[in-house]
Amino acid sequence: MKTTMNTHILYKAMHKAAFVAMGLPLLLTSCGNDWLDVSSKTDASTGNFNQTAAQADILLNGCYDGWQGTVSQGPTFSFQMASEYMSDECYGGTGANDARNSQVVDRFDQSQDVSQTDLYNDLWTYYYAAIYNCNELLSMEGNYTWTEQEHGRIIGECRAIRALCYFDLVRMFENVPLVTEPVNENIPQAAPDSVYALIVRDLKYAAAHIPADAYPKADAATNDGRITRYAAEAMLGRVYLFYDGVYNDNKRGTMPGELTAAEALAAEEDVIQSGAFSLISNYKNLWPAAANCTSYKGYWLGDVNGSTKTSSYAGNGNAETVLAMKFNYTGDYNGNNAGNRSIVMFGIRSGKCLQAPYGQGWGGATVTSKAWNWFGTGDMRQGASIINLAQEGIAANKDYQSVISDQREYTGFNIKKYTPLSKIAEDGSLNHYYQEVLAGDFQISQPQDYVLMRYSDVLLMAAELGSPHAQYYFNEVRKRAYTQDDGTLSNGYKELPATEDNILNERKLEFVGEGIRYWDLLRQGIQVAAKAIAASSGTVETGGSNETVTISADNIIAKRGFSQIPLTQIQRSNHVLKQNKGWD
């Protein structure tokens with residue numbers, strides 16, 4: 001989301017957070033001792049910015065800014081990128097001559113490049129910087145003069161951001177330090193249950209205290225990406241299902257933080273009953289690139305303000321968006337990072353825009369042929385989720401033929417939901433969509449939201465949690481997938497019972513490319529996850545030659561599906577932090 005918060009307050013919080021001894025130090029050899037001076041350089045600082053609700057709201061912007069920074073700061077692997085690489089939907093991809101760090105991730109195999117011991121160093125730093133900002137605001141909670149509604153909204157959103165950050169961290173690394181105060185201390189890793197207890201308590205607080213009418217509408221279109229009561233409730237279901245699967249064998253017991261299956265279901269039902277959300281009738285209209293394609297021939301004739309002659313895109317913050325991380329195209333190379341820096345990694349690898357509506361990218365997360373073949377006849381999600389380079393005429397483009405030799409793990413498929421956009425200029429040339437606006441650099445000027453929670457997810461979670469309306473919820477999602485442009489159901493539609501297996505399979509199809517599949521696999525058990533991911537092994541093309549991708553189920557099982565703790569963080573903590581099993 002766009003913020004105008006550039007005061008010393010945010011700088012101080014981010015700067016101090018970067019040096020937390022648990023593994024966040026930066027610039028230790030390049031700045032001398034000057035960084036130790038954290039006295040206010042303006043009239044506003046955390047020492048005197050603790051009086052009014054308006055001031056607290058500005059600090060809350062800093063919390064959102066820190067959360068957004070986990071993507072916009074450009075870590076080597078964002079959470080969303082890693083989620084795709086690790087799943088059975090995608091390989092690592094990127095350039096044939098690039099370091100094989102993506103292959104360490106997608107194959108769970110350090111031997112792909114033994115030098116890649118800091119894969120997530122930046123990501124770790126940015127997440128703890130965001131958490132520091134939240135902790136700093138929370139530490140001053142008792143200092144402000146505000147109404148009950150102002151207090152509930154600001155503190156509720158702040159705690160929800162902290163919960164979301166910890167949920168990403170604990171899912172990726174499992175063993176992470178739990179910091180709840182704005183301190184610079186060498187803190188050891190906490191038991192996962194302690195982290196989950198905090199996540200649940202924070203989300204419960206947000207769900208109970210953020211007023212339902214805090215914003216004109218609950219959807220992200222009118223609240224500029226703010227976390228609402230309904231977003232917090234929806235996330236409670238996701239947290240519960242993941243914990244219950246990974247740690248409780250899906251027995252529907254009570255999880256840390258005293259969250260029961262019944263409470264998780266009630267939270268999802270409250271989102272549904274609110275009437276604030278609905279399914280977008282045509283699935284492809286949820287995604288900018290997909291909404292601009294007809295019969296696999298892409299075109300883009302819109303202007304930079306989003307008004308289009310041909311697009312049917314439902315827009316950022318549409319009625320199906322429950323929670324989105326916001327970005328914009330105002331970034332530059334002077335430290336003002338605000339764009340979705342992950343999208344360019346998913347884009348078609350090329351040195352220029354080849355075919356509208358697609359822009360250029362770095363060819364990461366090449367989609368497996370297995371994922372393309374998941375879909376049944378008539379399922380509209382296939383073409384809306386995945387770029388088929390052959391069917392859409394791109395593979396035959398002579399300009400693209402010349403760059404295939406620079407693509408690693410070429411499969412002929414790319415993610416469509418999150419991909420850079422291009423536009424046809426008045427002179428007929430094809431340009432990066434934001435080329436003429438501000439920085440205009442395709443690497444940093446990607447404003448597309450990351451939609452972290454859609455209404456269809458709420459419906460399917462409620463069904464999985466045992467709602468008495470499970471069949472209706474399941475049918476609504478499935479029917480939409482087979483609804484053609486003219487509103488009729490495809491002949492391929494078949495009504496299925498809302499069993500757990502069918503719901504999980506529907507999730508697999510519904511959320512391709514959205515960073516959800518990997519976590520859904522883990523919660524079905526490490527053996528199930530490892531088998532599914534290993535089954536995506538196959539023949540690909542790297543540098544113009546065939547390569548066999550072999551993903552070992554044993555590698556995944558040995559690591560229990562969790563990721564490598566950055567070695568730099570372990571060393572700077574004097575080995576207070578311990579490496580995860582299988583990565584040591």
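When a residue number appears, it is its place in the shown sequence, counting from 1. Hydrogens, waters and symmetry mates play no part in the numbers below; they use all other heavy atoms, side chains included.
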- Task: Tell me whether the centres of the aromatic rings in W519 and F79 are closer together than 6.0 Å.
- Result: yes
- Item | Nearest heavy atoms of N318 and I280, plus distance in Å | OD1-CG1, 3.7 Å
- Message: Can you tell me which residue among Y518, F77, Y120 is in a ring-ring contact (aromatic ring centres under 6.0 Å, His included) with Y85?
- Response: F77
- Strictly under 6.0 Å, is that where the ring centroids of Y418 and W287 end up? yes
- Task: For P566 and W124, work out which heavy atoms get closest and say how close.
- Result: CD-CE3, 3.8 Å
- Here the pair of heavy atoms bringing Y166 nearest to V179 is OH-N, 2.6 Å
- Query: With no hydrogens and no angle check, is any side-chain donor or acceptor of H151 less than 3.5 Å from a backbone partner on T147?
  - Reply: no
- Salt-bridged, R159 to E141, with N to O below 4.0 Å? no
- Heavy atoms only: give me the nearest V104-L119 pair and the separation to one decimal. CG1-CD1, 3.7 Å
- Task: Answer yes when D57 and R226 have at least one side-chain N-carboxylate O distance shorter than 4.0 Å, and no when they do not.
- Result: yes
- Message: So that I know where these two stand, are F173 and F562 an aromatic pair - ring centroids less than 6.0 Å apart?
- Response: no
- Would you say the side-chain atoms of N340 pair up with the backbone N or O of F327, donor to acceptor, closer than 3.5 Å? no
- Query: Does the side-chain hydrogen bond (donor to acceptor under 3.5 Å, both in side chains) test come out yes or no for N574 and N186, once each step is laid out?
  - Reply: CA-CA 9 Å; N574 289 324; N186 196 359; over 6 Å; no
- Item | Heavy atoms from other residues, nucleotides or ligands near CD of Q571 exceed 12 (cutoff 6.0 Å) | yes
- Classify the ring geometry between W146 and Y144 as parallel (under 30°), tilted (30 to 60°) or perpendicular (over 60°). tilted
- R153 bridged to E157 by N-O distance under 4.0 Å: yes
- Message: Please determine whether a side-chain nitrogen of the Lys or Arg among R523 and D520 lies less than 4.0 Å from a carboxylate oxygen of the Asp or Glu.
- Response: yes
- Close aromatic pair by centroid cut-off 6.0 Å: Y127 and W67: no
- So, K581 and E174, do they make that salt bridge, N to O below 4.0 Å? no
- Task: Ignoring hydrogens and angles, tell me if any N or O in the side chain of E136 forms a donor-acceptor pair with the backbone of Y132 under 3.5 Å.
- Result: no
Side-chain polar contacts of residues 236-245 - donor-acceptor pairs under 3.5 angstrom, sequence neighbours left out - could you list them?
from	atom 1	to	atom 2	distance (Å)
R238	NH1	L452	O	2.9
R238	NH2	L452	O	3.1
R238	NH2	D457	OD2	2.5
Y240	OH	R252	O	3.3
Y240	OH	G253	N	3.3
Y240	OH	G253	O	2.6
Y243	OH	D193	OD1	2.7
Y243	OH	D193	OD2	3.4
D244	OD1	N248	ND2	3.0
D244	OD1	R252	N	3.1
D244	OD1	G253	N	3.4
D244	OD2	K251	N	3.4
D244	OD2	R252	N	3.0
D244	OD2	R252	NH1	2.8

- Message: Could you report the tightest heavy-atom contact between K416 and A384, atom names first, then the distance?
- Response: CD-O, 3.6 Å
- Query: With the threshold set at 4.0 Å, does a side-chain nitrogen-carboxylate oxygen contact exist between K204 and E258?
  - Reply: no
- Message: Check this for me: does any side-chain nitrogen of one of E510 and R478 sit under 4.0 Å from a carboxylate oxygen of the other?
- Response: no
- Task: Evaluate the salt bridge (Lys or Arg N to Asp or Glu O under 4.0 Å) criterion for residues D584 and K578: first the C-alpha distance (whole Å), next the side-chain angles of each, then the deciding distance (0.1 Å), finally the verdict.
- Result: CA-CA 9 Å; D584 46 19; K578 307 300 181 185; over 6 Å; no
- Is R454 salt-bridged to E320, going by a charged N under 4.0 Å from an acidic O? yes
